[in-house]
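What follows is one structure encoded as C-alpha cells, with my remarks underneath.
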Protein chains: 2
Amino acid sequence: MVKSTLDKQVSGRLGQDDVRYTAGRREVVLALSEADGPRSAAELSDDLGPSVPLSSLYRTLAVLEAADILTPHFSSPGVTRYELAEWLNGHHHHLVCVVCGQVEDVETTDEVELRLQAIVSDITGRSSFVESNHALEIEGKCRNCQ
Amino acid sequence: MVKSTLDKQVSGRLGQDDVRYTAGRREVVLALSEADGPRSAAELSDDLGPSVPLSSLYRTLAVLEAADILTPHFSSPGVTRYELAEWLNGHHHHLVCVVCGQVEDVETTDEVELRLQAIVSDITGRSSFVESNHALEIEGKCRNCQ
DNA sequence: TTCCTTGCAAACGATTTGCATTGGA
DNA sequence: TCCAATGCAAATCGTTTGCAAGGAA
C-alpha cells in the first residue's frame, strides 16, 4: 500500500489518539481531498456508493472531526458539510451558491489574507470576544446556477 | 395600536405580497428586533412562551423569510437562526461563539466595509462566481465562555 | 483475547405538512 | 363569505445510538 503525504499526516494524527486509520476512513479522507469544497454525508455517500452505510459514514466523520482531521461547515439548512482541516488543506474561503447550496473553496494570496486579518482585528479590537478563526463566506450564484 | 417605524416597514412589505401582519408575526419581528443576534425557533419559543406552538413559529419564520423580512443563518449543526434582513437591520457581521453557539452582531464602519468589499472583489474577480452578498463570520469565545 | 470498528435498525431532534378550525377584511 | 392564518398531530429529514457481529493487533 502506497501512502501519500496526506495519508501519512492523517495516519500520524490518528495514531496519537489510538484510533485506527481503516479503509473506510481512508476512503473518506481521499474523497474529501479530491473535492473542491466541503461535502455533506449524503454527497459523500453518492461518491462512495451504497456499499458504505450512512451510519458508518457519520461515525467516520465524527471520528475524523474529533481528531481535528476534518472541519465542519454549516451553510445550508440542516446539513453539515466537512472538509479537511486547515493544517491539511491550507487556509481558504468559501463561495456559497444560494441556488444549489454547493460550496467551493477559494484561495487568497498572503497579501489579501493580511488585509483581511487586519479587518478582523479592527472589528474585534474593542470587544471582549476572543477570536480563534475567521471565515469569509461569499454568497452568490455558481457557474451552473446563473 | 401604535406602530413603530419597523412595524410600518414590515407591514408595508408584507402588504405587497398580500400577506397579513398578524399579532403572532408582529411578536416574532419584535423579538428579533430586540435580539442582539440571530435567534433559532427554539430560542424564540423561549422568549415568546409556550402559548405559541412551534409549528406556527416555524410557519411564521418561513413566511417572513419568503417576504425578505428575515434572513436565515446556519452557524451551528442542525439549527437555523433568523435575524432581520439587512434593509431593516443594517449590514453587519457576526461573532460566533464556538463554545455555546450564540451569535452576536458586530457593526463595521463604512471605511472597514469598503476595505472588505475590495477584498471580496479581489477574490471573486477571476472566477465565474457572481457575488450577491458576503458574510464575515468571526469564530472564537464570547464573554461568557472564556 | 481484547478492543476498536462496523452494520443494521431503532431512536432523536429540528423542521415540515395534512387537515380541520378560526379569524379578518 | 372567503381565503389566509392557526393549532394539533403525524410525517420527514438529517443525524445519532444501542447492540451484536467482524477484524486487527
Side-chain angles (χ1 to χ4, degrees), chain A residues 1 3 7 10-11 13-29 38-67 69-82 100-103, chain B residues 1 3 7 10-29 38-67 69-82 101-103:
Chain A
M1 174 197 306
K3 287 196 173 193
D7 261 347
V10 172
S11 177
R13 174 46 80 79
L14 289 179
Q16 292 172 17
D17 291 14
D18 281 310
V19 169
R20 295 180 196 151
Y21 194 25
T22 62
R25 291 170 184 174
R26 189 183 304 262
E27 278 186 87
V28 169
V29 168
R39 292 288 180 266
S40 67
E43 290 161 353
L44 286 169
S45 183
D46 287 345
D47 292 352
L48 303 177
S51 64
V52 179
L54 269 178
S55 65
S56 297
L57 193 42
Y58 278 110
R59 264 195 272 240
T60 294
L61 293 170
V63 165
L64 295 176
E65 180 188 352
I69 307 292
L70 302 185
T71 308
H73 277 276
F74 319 105
S75 43
S76 5
V79 195
T80 301
R81 285 174 220 261
Y82 290 88
C100 68
Q102 277 285 335
V103 183
Chain B
M1 174 199 304
K3 286 196 171 193
D7 261 346
V10 172
S11 176
R13 188 59 158 85
L14 289 179
Q16 291 173 18
D17 291 14
D18 281 311
V19 169
R20 295 180 196 152
Y21 194 25
T22 61
R25 292 170 184 174
R26 190 183 304 263
E27 279 187 86
V28 169
V29 168
R39 291 288 179 266
S40 67
E43 290 161 354
L44 286 169
S45 183
D46 288 345
D47 291 352
L48 302 177
S51 64
V52 179
L54 270 178
S55 65
S56 298
L57 192 43
Y58 278 111
R59 264 195 270 241
T60 295
L61 293 171
V63 165
L64 295 177
E65 180 188 353
I69 305 295
L70 301 185
T71 307
H73 277 276
F74 319 106
S75 44
S76 9
V79 197
T80 300
R81 284 174 222 261
Y82 291 89
Q102 276 286 334
V103 183

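By convention in this document, chain letters (A, B, ...) are assigned in the order of the sequence lines, proteins followed by strands, and residues within each chain are numbered from 1.
Checking dT15(C), dG7(D), dT15(D) against the side-chain heavy atoms of Y58(A) singles out dT15(D) as nearest. Distances were taken from every side-chain heavy atom of P53(A) (C-beta onward) to each of dG7(D), dA5(D), dC8(C); the shortest belongs to dC8(C). Side-chain proximity of A41(A) to the nucleotides dG7(D), dT15(C), dT15(D) is greatest for dT15(D).
With rounding to the nearest 0.5 Å, the separation of OG1 in T71(B) from CD in E65(B) is 8.0 Å. One distance of note links CG of L44(B) with OH of Y58(B); it measures 10.0 Å at 0.5 Å rounding.
OP1 and OP2 of dG7(D) both lie 4.0 Å or more from every side-chain N or O belonging to S55(B). Within the 4.0 Å cut-off from OP1 or OP2 of dT6(D), at least one side-chain nitrogen or oxygen of T22(B) is found.
Ranked by how close their nearest DNA chain C nucleotide is to the 5' end, R20(B) and R81(B) are led by R81(B). Nearest-nucleotide assignment on DNA chain C puts the 5′-proximal partner with R25(A), out of P77(B) and R25(A). For the pair R59(A) and S40(A), both in contact range of DNA chain D, the more 5′-proximal nearest nucleotide belongs to S40(A).
Considering R26(B), R25(B), R13(B) in turn, R26(B) is the only one that fulfils the salt bridge (charged side-chain N to carboxylate O under 4.0 Å, His left out) rule with D7(B).
Nucleic acid contact for V63(B): none, since no nucleic acid atom lies under 4.0 Å from a heavy atom of the residue.
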